[in-house]
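Below: the structure, in structure tokens.
We name chains A, B, ... by the order of the sequence lines, and we start the count at 1 in each one.
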Amino acid sequence: MPNGNLDFERPLVELESRIEELRRFTKEKGIDLSAEIATLEKKAAELQKEIYDNLTPGQRVRLARHPKRPLALDIIKLVFEEFTELHGDRLYRDDQAIVGGLAFLEGIPVTIIAEQRGRDTKENIARNFGMPYPEGYRKALRLMKQAEKFGRPVITFIDTPGAFPGLEAEERGQAEAIAVNLMHMSRLQVPIVVVVLGEGGSGGALAIGVGDRILMLENAQYSVISPEGCAAILWHDASFANEAAAALKITAKDLMELGVIDEIVPEPLGGAHRDATQTAANIKEAVLRNLQDLLKIDVKTLLEQRYAKFRKMGVFYRRKSADAESEG
Amino acid sequence: MPTLKDFFRSKPKYVTVHPIGKQEKREIPDGLWVKCEECGNLLFNKELERNMMVCPKCGYHYRVSARFRIAGICDEGTFQEFADDLVTADPLGFPAYPEKIRAAQEKTGLPEAVICGTCEIEGFPVVLAVMDFSFIGGSMGSVVGEKVTLAIEKALEEKKPLIIVSTSGGARMQEGILSLMQMAKTSAAIGKLNEAGGLYISVLANPCTAGVMASFASLGDIIIAEPKALVAFAGPRVIEQTVREKLPPGSHRAEFLMEHGLIDLIVDRRDLKETLAKLLRFHAPAQVGGGKADA
């Protein structure tokens, strides 16, 4: 992956660098190549549309994990004002795989919870590659309870390969931390808007993912198991990850059809990494619109609707009628 | 205890069990005598069954079916199953999933990986849900999630204590994200039960991991585990593969969880019914004069 570009992006990147070369040539030598440039630009736009309209689920997985994809803090800084990070679970440690804090969204004070990966190796080690420990989830819950006390809405951002699987995580009750979050989020007496930014890795994602509205970036993924993990179990070979990604139905479009998410937030053509500012603007518009709707609903109704939302998820039959109990 | 067999006449003569050891798939041969997987002592098969599939010599707990557990917990003839008409769909069109379900149904005689019902335990009416590991590793898909939620809601509506015996490898991969959402659905229902002041006792049987452990199984007011049961978010194999951490012996067993303050009690299967009854008594309305005298 030279220059951090994915293989299916490469023809486009090559074309773009040729256009750039022609421009430079025009400037340096004073020869008018605008007709040629225009032709190539048209071609590039077509190519871009062709590539990104026809991405396979496996390719989308790689976009969701793109090394240049905007991370939670990048988005937070572009969407909110005066983000002030608050640290720690008050019990054990400050887990940097989850960041939380206060901010304003167009004047509305909100609590933000986000899973945060690192941009480089050093930061990734500090943030444990975005894989939270139990104390990360407990920090999230502490801040959500604080939000409830002060009547602040909660906005969460999901981007994690999963909850950290390790001995220390077990010792400190990883399963308990996740379960308790699911339970309390389902009853939290303030609106919750969830945004799946990049990778939604199973229980580790869901642990901050129970809310009134679930939004998902166009190229994000959300899955019960990583495609690699699924392929290893199913075909005993992690290299079948592309097949697994298709079988697991993990794209935003799939999840919309399955009734698990409420809205797909469009990304700039070519993916969020090509224009973080535009991505953030799209997120801001969607979060604000949904939040304004939710703020009109009284707490009792809000909790009833949130319960009903998750209550109906799942697909099964009843033996007698043999009709699918339609969900989603 | 001849009542066990009488209670479920359709049961085969021998109960299929899975030991806890490294080779998790081994089963007891259909002979008169079996050698205990743990201590190597020769045991009379009937005696082992009478002993609730716990080795009388070393206390080793064999894996047992949901039906077997129900018979061991409920007062005779009180178990009334509900929600047994829910049938698994294949919402993702996942490769070979319908075949896998059919094979599991044939192997276990169960429609899905959990059985729900109402029953009495030493006279106390409760709602009981029991999972079965032999049905696709007790994995939770839409049907398991729905049935568990129905059990929670029934406990809420009928104001009865809830007992769930969980044994599971986690969410069911073949139903993808819908399986994951069952974690939210069941936990939300427990949240409602909690607010209403309902009692929920969670019993963890071997093994209980991942999606089930990271949802309703961890949310009991009281959490009981069977001795040496493997209980974890990520099992030892997952950890060794992904993190390449060398694990100390017994790192994921009930005793380890007890030591780290994550469960309330470790209870031998042979004492489970008595323990549950005692816990139910603590939560029964107090009677003038101190209630039932305890010996």
Max heavy-atom pair count under 4.5 Å with chain A, selected residue of [options]:
| options | answer |
| --- | --- |
| B/Gly170, B/Ala188, B/Gly145, B/Gly141 | B/Ala188 |
| B/Thr88, B/Thr149, B/Val143, B/Thr186 | B/Thr149 |
| B/Leu247, B/Leu178, B/Asp84, B/Val87 | B/Val87 |
| B/His252, B/Glu175, B/Glu259, B/Gln174 | B/His252 |
| B/Ala234, B/Ser251, B/Pro111 | B/Ala234 |
| B/Pro91, B/Gly235, B/Ala184 | B/Ala184 |

Could you grab the distance from atom [atom1] of [X] to atom [atom2] of [Y], nearest 0.5 Å is fine?
| X | Y | atom1 | atom2 | answer |
| --- | --- | --- | --- | --- |
| B/Glu195 | A/Arg187 | CD | CZ | 4.0 Å |
| B/Ile190 | A/Met183 | CD1 | CE | 8.0 Å |
| A/Arg311 | B/Lys185 | CZ | NZ | 5.0 Å |
| B/Leu180 | A/Ile250 | CG | CD1 | 12.5 Å |
| B/Leu262 | A/Gln174 | CG | CD | 11.0 Å |
| B/Asp85 | A/Phe316 | CG | CZ | 9.0 Å |

Inset, instruction - Verify the neighbour count for atom NZ of B/Lys159: are there more than 12 heavy atoms of other residues, nucleotides or ligands below 6.0 Å? - result: no

Legend entry - Over 12 foreign heavy atoms within 6.0 Å of CD, B/Gln80: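 Counting other residues, nucleotides and ligands, CD of B/Gln80 stays at 12 neighbours or fewer.
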
Inset, instruction - Search all heavy atoms of B/Gly176 against all heavy atoms of A/Val224 and return the closest pair with its distance. - result: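 Here B/Gly176 and A/Val224 meet closest at O-CB, 3.4 Å.
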
Inset, instruction - Mind listing the closest non-hydrogen atom pair of A/Val315 and B/Ser142 along with its distance? - result: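 Distance-wise, the nearest heavy atoms are N-OG, 3.0 Å.
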
Legend entry - Check against side-chain contact (heavy atoms from CB on, under 4.5 Å), B/Met173 and A/Leu248: CA-CA 8 Å; B/Met173 187 176 73; A/Leu248 283 167; 4.1 Å; yes

Counting only non-hydrogen atoms closer than 4.5 Å, does [X] touch chain B with its backbone (N, CA, C, O), its side chain (CB onward), both, or neither?
| X | result |
| --- | --- |
| A/Ala205 | neither |
| A/Val180 | both |
| A/Leu167 | both |
| A/Tyr222 | both |
| A/Ser202 | both |
| A/Leu303 | neither |

Inset, instruction - Check whether any side-chain N or O of A/Glu170 sits under 3.5 Å from a backbone N or O of B/Phe233 as a donor-acceptor pair, and report yes or no. - result: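 Such a contact is found between A/Glu170 side chain and B/Phe233 backbone.
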
Inset, instruction - Could you check which of A/Cys230, A/Ala169, A/Gly203 has the highest count of heavy-atom pairs closer than 4.5 Å to chain B? - result: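 Of the options given, most contacts go to A/Cys230.
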
Legend entry - Residue selection (most heavy-atom pairs with chain B, distance under 4.5 Å) from A/Leu206, A/Asn181, A/Leu234: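 Top option by heavy-atom pairs under 4.5 Å: A/Leu206.
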
Inset, instruction - Take B/Lys192 and A/Glu304 through the salt bridge (charged side-chain N to carboxylate O under 4.0 Å, His left out) test and state the conclusion after the steps. - result: CA-CA 10 Å; B/Lys192 262 194 171 182; A/Glu304 275 167 15; over 6 Å; no

Legend entry - side-chain contact (heavy atoms from CB on, under 4.5 Å) between B/Leu92 and A/Asp254, intermediate numbers included: CA-CA 9 Å; B/Leu92 307 189; A/Asp254 292 329; over 6 Å; no

Inset, instruction - Begin with the C-alpha distance, continue with both residues' side-chain angles, and end with the deciding distance and a verdict on side-chain contact (heavy atoms from CB on, under 4.5 Å) for A/Arg172 and B/His260. - result: CA-CA 7 Å; A/Arg172 301 201 284 274; B/His260 288 279; over 6 Å; no

Legend entry - Contact check, side chains of B/Phe256 and A/Glu171, non-hydrogen atoms, under 4.5 Å: yes

Inset, instruction - Show your working on side-chain contact (heavy atoms from CB on, under 4.5 Å) between A/Arg319 and B/Leu86 and close with a plain yes or no. - result: CA-CA 6 Å; A/Arg319 204 186 294 130; B/Leu86 303 190; over 6 Å; no

Inset, instruction - Under 4.5 Å, heavy atom to heavy atom: which of residues 93-102 of chain B reach chain A? Give them by number, or say none. - result: B/Phe94, B/Pro95

Legend entry - Heavy-atom contacts under 4.5 Å, residues 208-218 of chain B to chain A: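 The residues closer than 4.5 Å to chain A, in numerical order, are B/Met213, B/Ala214, B/Ser215, B/Ser218.
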
Legend entry - A/Phe310 and its side chain to side chain contact (heavy atoms under 4.5 Å, CB included) partner, picked from B/Met183, B/Gln182, B/Met181: B/Met181

